[in-house]
Amino acid sequence: QVQLVESGGGLVQAGASLRLSCAASGPPFTNYAMGWFRQAPGKEREFVATISRSGTTTDYADSVKGRFTISRDNAKNTVYLQMSSLKPEDTAVYFCARRWAIDGSRSRRDYSYWGQGTQVTVSS
């Protein structure tokens, strides 16, 4: 059974840090590139970061570059999103997703399976 389960969200003040985790089960984790996306109320789901299936290639949205770091532990079937210097505009539901490919993509249409999301709220 395929599952992606996000965790680690919460309510924090601006400037704080959070680490999101996404635990995967089902098909071999190393077959998939992974991505993080987010969706704020009333807005479309947007790209945040992606990582290749080997973990050697990453990509970030300009809005989070230098503040967020994506990583993966293939032995634990888990992808992480370390978020630092959080801003109120980072408030959103954060989703992880998998893509049957070597590298990730910025397009949500390229991902075949999604988790249920975890809420991140940053207060000013």
Side-chain angles (χ1 to χ4, degrees):
Q1 183 178 356
V2 177
Q3 271 195 314
L4 295 175
V5 180
E6 301 96 335
S7 62
L11 171 63
V12 297
Q13 290 190 331
S17 298
L18 276 177
R19 188 177 80 157
L20 306 183
S21 299
C22 172
S25 60
F29 187 60
T30 51
N31 286 351
Y32 298 93
M34 300 295 293
W36 284 98
F37 290 74
R38 67 187 181 186
Q39 188 166 18
K43 295 188 177 182
E44 289 192 353
R45 193 168 299 187
E46 65 174 4
F47 166 75
V48 175
T50 187
I51 189 166
S52 62
R53 63 186 187 188
S54 68
T56 56
T57 303
T58 58
D59 187 27
Y60 299 91
D62 288 345
S63 59
V64 307
K65 198 172 294 184
R67 300 189 297 122
F68 291 10
T69 301
I70 188 171
S71 62
R72 64 190 293 162
D73 185 335
N74 286 341
K76 296 182 178 180
N77 292 350
T78 301
V79 62
Y80 304 98
L81 186 68
Q82 178 68 48
M83 306 186 294
S84 302
S85 302
L86 282 162
K87 305 175 181 179
E89 51 263 44
D90 294 318
T91 295
V93 178
Y94 284 70
F95 299 88
C96 70
R98 71 172 199 188
R99 178 180 190 228
W100 184 284
I102 294 174
D103 292 320
S105 168
R106 292 187 171 208
S107 173
R108 62 182 186 269
R109 294 172 179 80
D110 289 337
Y111 293 82
S112 57
Y113 197 83
W114 295 79
Q116 295 300 305
T118 185
Q119 176 70 48
V120 172
T121 303
V122 184
S123 63
S124 58

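The shown structure was predicted, so the numbers you read here are calculated from the model rather than taken from an experiment.
Between Tyr113 and Tyr32, a ring centre-to-centre spacing not shorter than 6.0 Å is recorded. The aromatic ring centres of Trp36 and Phe47 sit 6.0 Å or more apart.
To the nearest 0.5 Å, the span separating CG on Asn31 from CZ on Arg99 amounts to 14.0 Å. The distance from the CE atom of Met83 to the CZ atom of Arg38 is 9.0 Å, given to the nearest 0.5 Å. Atoms CZ and CD1, from Arg72 and Ile70 in turn, are 8.5 Å apart once rounded to the nearest 0.5 Å. If you take CD1 on Ile51 and SG on Cys96, they are separated by 12.5 Å, rounding to the nearest 0.5 Å. With rounding to the nearest 0.5 Å, the separation of CG in Leu4 from OH in Tyr111 is 12.0 Å. One distance of note links SG of Cys22 with CE of Met34; it measures 4.5 Å at 0.5 Å rounding.
Contact detail for Ala49 and Leu81: the closest heavy-atom pair is CB-CD1, 4.2 Å. Closest non-hydrogen pair, Ala14 versus Pro88, comes out as CB-CD, 4.2 Å. Across all non-hydrogen atoms, the minimal contact from Asn77 to Asn74 is OD1-O, 3.2 Å. Of all heavy-atom pairs between Val64 and Val48, the closest is CG2-O, 3.6 Å. Summarising the geometry of Ala40 relative to Ala92, their closest heavy-atom pair is N-CB, 3.8 Å, with the distance given to 0.1 Å. Summarising the geometry of Ala33 relative to Gly104, their closest heavy-atom pair is CB-N, 3.5 Å, with the distance given to 0.1 Å.
In terms of modelled atom types and a separation under 3.5 Å, the side chain of Thr121 and the main chain of Leu11 share no donor-acceptor contact. Without hydrogens or angle criteria, Thr78 side chain to Lys76 main chain gives a donor-acceptor distance under 3.5 Å.
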Subject >> Arg67/Asp90 under side chain to side chain contact (heavy atoms under 4.5 Å, CB included): CA gap, chis, key distance, verdict >> reply: CA-CA 11 Å; Arg67 300 189 297 122; Asp90 294 318; 2.8 Å; yes
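Every residue two or more places apart in sequence or in another chain was checked for a ring-ring contact (aromatic ring centres under 6.0 Å, His included) with Phe29, and none qualifies.
Test Thr50, Asp59, Asp110 against Ser105 for side chain to side chain donor-acceptor pair (under 3.5 Å) and you get one pass: Asp110.
The hydrophobic cluster containing Tyr60 also contains Tyr94, counting ILVMFWY residues as joined when their side-chain heavy atoms lie under 4.5 angstrom apart, directly or transitively. Hydrophobic clustering (side-chain heavy atoms under 4.5 Å, transitive across Ile, Leu, Val, Met, Phe, Trp, Tyr) groups Trp100 together with Val79.
Counting only heavy atoms from C-beta outward, the side chains of Gln39 and Glu46 never approach each other to under 4.5 Å. Side-chain contact check for Phe95 versus Arg45: some heavy-atom pair is nearer than 4.5 Å. Residues Gln82 and Ser17 form a side-chain contact, since some pair of their non-hydrogen atoms from C-beta on lies under 4.5 Å apart. Side-chain contact check for Ser112 versus Arg98: some heavy-atom pair is nearer than 4.5 Å. Looking at heavy atoms from C-beta onward, Leu20 lies in side-chain contact with Thr118 at the 4.5 angstrom threshold.
Between Asp62 and Lys65 there is a salt bridge, with a side-chain nitrogen of the basic residue lying less than 4.0 Å from a carboxylate oxygen of the acidic one. Salt-bridge check for Asp103 with Arg53: failed, with every basic side-chain N at 4.0 Å or more from each acidic carboxylate O.
A cation-pi arrangement is present between Arg19 and Tyr80, with the terminal nitrogen or guanidinium carbon under 6.0 Å from the aromatic centre and inside a 45° cone about the axis.
Using modelled atom types and a 3.5 Å distance limit, the side chains of Thr91 and Glu89 yield no donor-acceptor pair.
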